[in-house]
Amino acid sequence: MIIDLHYLPSLEYFACILQHDTIQIEAYEYYEKQSYRNRCKILASNKIDVLSVPVQNGNSKIIVKDIKVEYHQDWVRRHWGAIYSAYGKAPFFEYYADYFAKIFEKKPDFLFDLNMELLTICLKLLKVEKKIIFTEEYEKVAQNDYRGQIHPKRSYSQNNIYEPVMYRQNFGSDFEPNLSILDLLFCQGNQARKILEQSTLK
């Protein structure tokens, strides 16, 4: 399969990954604004909070692997504060938090590198092993092409990849599906992979 690289990806993204042995990450597409390439959704105490990573020259036509993160804005503190506020009391926060904090502290220059480090640690914590390769050029047509399918403006129900399986979340009585993988990891810990497998449409 081939897929774009997201920031702290959604459950639908990981449900997609579970269906394939080799994951090809698109490195040569043009960066797309207002997509999951630089944003994710977490469940705060009274709302869904969208965390967005600011980037340099996001309005320009730049290959995604060359997009730099903008650190003049104090977004790292804002994101980590929001994550701590949302999940600090979640059952598995103390077990997993340091893995993510260390990546944020490194402040990778490029969004692609930041996202890749986060994806790698998420797969490790889920105990999911996949062969990951990167594109060497942009090809408009590809087999098992999921590029652009998982998008903030597109419902997961349109893609036929992910079917929500309810689990205990940190806030609220209504279940919120398809949040960032952080929600599942911090709330369910070592049960996260099992829940993902149950929610994967094959």
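For the single chain, residues carry numbers from 1 onward in sequence order.
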Exercise. Output yes when a side-chain donor or acceptor of W75 lies under 3.5 Å from a complementary backbone atom of L51, and no otherwise.
Key: no
Practice problem: Please confirm whether the backbone N or O of N178 pairs with a side-chain atom of S10, one donor and one acceptor, at under 3.5 Å? | Solution: no
Practice problem: Locate the shortest heavy-atom distance separating N170 from A86; write the atom from each residue and the value. | Solution: ND2-O, 2.8 Å
Exercise. For atom CD of Q143, decide whether the heavy atoms of other residues, nucleotides or ligands shown that lie under 6.0 angstrom number more than 12.
Key: no
Practice problem: On the 0 to 90° scale, with breaks at 30° and 60°, tag the F186-F100 ring pair as parallel, tilted or perpendicular. | Solution: perpendicular
Quiz item: Do the ring planes of Y96 and Y99 sit parallel (below 30°), tilted (30 to 60°) or perpendicular (above 60°)?
Solution: tilted
[X] with [Y]: basic N within carboxylate O range, under 4.0 Å:
{"X": "E176", "Y": "K41", "result": "no"}
{"X": "K106", "Y": "D113", "result": "no"}
{"X": "R147", "Y": "E29", "result": "no"}
{"X": "R37", "Y": "D4", "result": "yes"}

Self-check item: Modelled atom types, side-chain donor and acceptor of H79 and Y84, under 3.5 Å
Solution: no
Self-check item: Pairwise distance CG(L185) to CD1(I181) - rounded to 0.5 angstrom
Solution: 4.5 Å
Quiz item: Can you list every pair that meets ring-ring contact (aromatic ring centres under 6.0 Å, His included) and has a residue in residues 25-61, with sequence neighbours left out?
Solution: H6-Y36
